[in-house]
Number of protein chains: 2
Amino acid sequence: MPAPTQATVETVLHHIDAGLDASRARLFDLLRIQSISAQPAHAADCQRAAEYVRAQLADLGFAAEIHPTPGHPIVVAQHQGPPGYTGPHVLFYGHYDVQPVDPLSLWHSPPFDPQLVDGPHGKRFVARGAVDDKGQTTMFLEALRAWHTAGGGIPARLTLVIEGEEETGSVNLEPFLIANKDMLKSDVALISDTNMWDIDTPAVTTRLRGIAYCEVTLKAASRDLHSGMFGGSALNPINALARILGDLQDADGRIQLPGFYDRVKPVTNAQRAQWDALHFNEAAFLGGIGLSKPVGERGYSALERLWARPTADINGIWGGYTEAGSKTVIASEASAKVSFRLVADQDPNEVYAQFQSFIKDRLPEGATVTFQSHSSSQGIEVNTDQPWVRAAQDVLAAEYGRPAVLIGCGGSVPVVNSMHRVLGIDTLLMGFGLDDDQIHSPNEKFEQRCFHHGIRSHARLLAKFAGG
Amino acid sequence: MPAPTQATVETVLHHIDAGLDASRARLFDLLRIQSISAQPAHAADCQRAAEYVRAQLADLGFAAEIHPTPGHPIVVAQHQGPPGYTGPHVLFYGHYDVQPVDPLSLWHSPPFDPQLVDGPHGKRFVARGAVDDKGQTTMFLEALRAWHTAGGGIPARLTLVIEGEEETGSVNLEPFLIANKDMLKSDVALISDTNMWDIDTPAVTTRLRGIAYCEVTLKAASRDLHSGMFGGSALNPINALARILGDLQDADGRIQLPGFYDRVKPVTNAQRAQWDALHFNEAAFLGGIGLSKPVGERGYSALERLWARPTADINGIWGGYTEAGSKTVIASEASAKVSFRLVADQDPNEVYAQFQSFIKDRLPEGATVTFQSHSSSQGIEVNTDQPWVRAAQDVLAAEYGRPAVLIGCGGSVPVVNSMHRVLGIDTLLMGFGLDDDQIHSPNEKFEQRCFHHGIRSHARLLAKFAGG
């Protein structure tokens, strides 16, 4: 099979430019479907969104089906690529479900009535799901459509998995991957659900932090006590919990769990130099949320602390009397939710065990403790020497006329772990969102410029896979 | 005026013994009135209870009136004592209101249908208010009745103040005391709202701890943050609060506020010897609430820690996500309610200021803090050499055939401070409750043996005041 010629690629890109309004119209049709996965009342809307995506893929020559799950369905579509195709089998993952819209009163337009409005970077789309992830998923579908219509057909062997429960924890995705492992066997996963560095600087995300999210409850007396009658003799579990959790970090911000840093690798000098060159303005980053001085480990740059160092944050704490006024009570128990953001090679189960040891080692006599693990995922560090990363960098550099940067993301994308664990494949994260897109918030938006570049970049990437 | 003779006292005591069933019947009539001060629906019941008490005192020859307040009324009754009386003017304080009854399902009989039941110490009364404070107040009324009926008349100059808002914080009492200062001018206050050491060992309470109850809120970012996007850079106010409050005490249980112990006086050797002789079983005390090892300051006995040393207890703490499951949030603020039990001479306002300094000295850059003071009262240490204390000890020793002990109480009785602050008088605390009376809880009870001894002891005390 011959690789696509440069002329063919140019034809496809021209077709994309000429068809941008139509691409946007198809995205807007999808945005009008109220596929809020968290709300049972919108189950039929989720089904409709799945069907809308399936139909588009069937139109493009894919074998496209809807797989029911105990929750919302998963769209699966496959195409063998051109006859004689010898390139990689690429698994594209996206999701058609969106976050709830509340508080509705803060939206400037109805969240499911997509608007094309003017912004500082030109036109933008405003709607729930504009970028996360209907907008980003549609970019890939539109790139496929351009190849189908103007490029002589789908140029690579592809499987698409578009699920409907990403915003509610993807609970049915991993069982689906396991049950359909053979059908889904592929060489690399591609996801478009991340951000650029800024609107002019394309990026490939090569690091994701993992998480170990734990809950701890300390129990002392068998009932709540009067603080006058018992204060000075009876153990106060809130005092004890504050004392223990107050020691999570030392004065330099180093996390004190035993063995916590054993598997944490330093970033390479090359990586650090690239991040330093981004001139990240941490003061502005914090100023935007009303803070001044950064916290975190002493001795690391801001981007290292955000992308390449683990954290310990108490996400919630509660115990005793929390209503208005005063009640002189010594509570019988106190609880906290504590999460650790992890970097590659740290094992969330090991960290959970370290957390338990840390608490038990400091547990006052007479107290008992219970633990609960809420979620865990491993951190990801993509090997930046693998061909997919280089292919994406080449494509983005060609599209934007400037090098793409390799960035991290402080959060987690659990599906990346599932792809690795179940299917044994790495994931290429090429996304076109911006930090100010307000995902999960009122007035979510997507820049048309990002959408347009995104379709073109995906079209280029497909050519690359095909050897172009 | 001649002092009552021993023969008169014996006549009064015999009358009390013979009339015990009638005394109990009058208490039961009062217990049937549902005078729950906290519940507006019971306002008329509070009025009825006040009227019931007023009528009894009027029957006994008192000038008895009901003083309205913005809340529930206060009964005030005065008697000049016998002609030529030269003893002290005694102000008896009690309260006719009771705590709510919930959870009703845990009561074995209706809370306002008083029951006479058998227990390990003989008969006992079960009802809301059985001991707190209708039972204890009735003991004094019945002692007055015995003197009135069998002793030749009320033997001392007395003012009674029986309020109806003790269980809701006595908010209208102090304004009443201030407005009626001249009318209420007296030599000593007498309150029967405390406990004995045990059913065989009478006690005078000579120490009450005070309190400084504070609330603190730490604020960091201007909104809740995603812990993945911001963790490692943004200040977490829950981590900061835990860290600060975890340092409230050192490893020896010493409270770390600057200057906190400056005004704390050691107990005398004599006092310590008396407490040691009580052989307080702290293991049993804690075992009853499911605890084993005591906390508190190293180097002090259990009773010293409970009665004569200050404490620092976090009564409530809250911040961030506290529902089921996980939410990866860095909260914008965190709060705690912290109270300090104080001993005599510690100034609650000074302690509140020390608490603020303690927090501010440890406040991380970028955080702001706000404080609120919920309540404060000074600790009380009665001078045990004053004649009233010795009179009570003599009376109790005569009644029980064994010495009365001088005990402390870890809690506060705010009215004692008001009496001192507004009227300039000390308070004698002679009570007949037991630790297991379940005040404020379902199945509140009062031992008939305590009730009977209590009436007799008050009758004896009245003779003492009159010089008998």
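In what follows, every chain begins at residue 1, and chains take the letters A, B, ... in the order their sequences are listed.
Interface remark: of the candidates B:Gly411, B:Gly366, B:Ser326, B:Ser222, B:Ser326 forms the most heavy-atom pairs closer than 4.5 Å to chain A. Heavy-atom pairs under 4.5 Å with chain B were tallied for A:Pro294, A:Gly290, A:Gly319; the largest tally goes to A:Gly319. Heavy-atom pairs under 4.5 Å with chain A peak, among B:Ala367, B:Gly410, B:Gly296, at B:Gly410. Options B:His374, B:Arg309, B:His440 differ in how many heavy-atom pairs under 4.5 Å they form with chain A, and the most are formed by B:His374. Counting heavy-atom pairs closer than 4.5 Å to chain A, the top-ranked of the candidates B:Gly325, B:Ala221, B:Ser412 is B:Gly325.
With sequence neighbours excluded, no residue forms a ring pair (Phe, Tyr, Trp, His ring centres under 6.0 Å) with B:Trp318.
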List the atom pairs, with distances to 0.1 Å, where a side-chain N or O of residues 223-247 of chain A and a protein N or O form a donor-acceptor pair under 3.5 Å, not counting sequence neighbours.
residue, atom, partner, partner atom, Å
A:Asp224, OD1, A:Ser332, N, 3.0
A:Asp224, OD1, A:Ser332, OG, 3.3
A:His226, ND1, A:Gly228, N, 2.9
A:His226, ND1, A:Met229, N, 3.2
A:Ser227, OG, A:Thr328, O, 3.4
A:Ser227, OG, B:Arg341, NE, 3.4
A:Ser227, OG, B:Arg341, NH2, 2.9
A:Ser233, OG, B:Glu282, OE2, 2.6
A:Asn236, OD1, A:Ile238, N, 2.8
A:Asn236, OD1, A:Asn239, N, 3.3
A:Asn236, ND2, A:Asn239, OD1, 3.2
A:Asn236, ND2, B:Asp313, OD1, 2.8
A:Asn236, ND2, B:Ile314, O, 3.1
A:Asn239, OD1, B:Ile314, N, 2.8
A:Asn239, ND2, B:Gln249, OE1, 3.1
A:Asn239, ND2, B:Ala312, O, 3.0
A:Arg243, NH1, B:Gly246, O, 3.0
A:Arg243, NH1, B:Gln249, O, 2.7

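Only the side chain of A:Leu286 has a heavy atom closer than 4.5 Å to any heavy atom of chain B. In this structure, the portion of B:Leu291 lying under 4.5 Å from any heavy atom of chain A is its side chain and not its backbone. Interface residue B:Thr311: only side-chain heavy atoms are found under 4.5 Å from chain A. Residue contact with chain A, scored on non-hydrogen atoms closer than 4.5 Å, involves the backbone of B:Ala324 exclusively. Interface remark: B:Arg209 contributes side-chain atoms only to the contact with chain A (heavy atom separation under 4.5 Å). If you measure heavy-atom distances from B:Tyr321 to chain A, the contacts under 4.5 Å come from both the backbone and the side chain. Neither the backbone nor the side chain of A:Leu208 comes within contact range of chain B, judged by heavy atoms closer than 4.5 Å. Looking at B:Ala220, both its backbone and its side chain come within 4.5 Å of chain A, counting heavy atoms on both sides.
Contact record, A:Lys337 with B:Glu323: NZ-O, 2.7 Å, taken as the closest heavy-atom pair.
For the pair B:Thr322 (side chain) and A:Gly316 (backbone), a donor-acceptor distance under 3.5 Å is absent.
Distance check: B:Lys327 NZ to A:Ser375 OG gives 14.0 Å after rounding to the nearest 0.5 Å.
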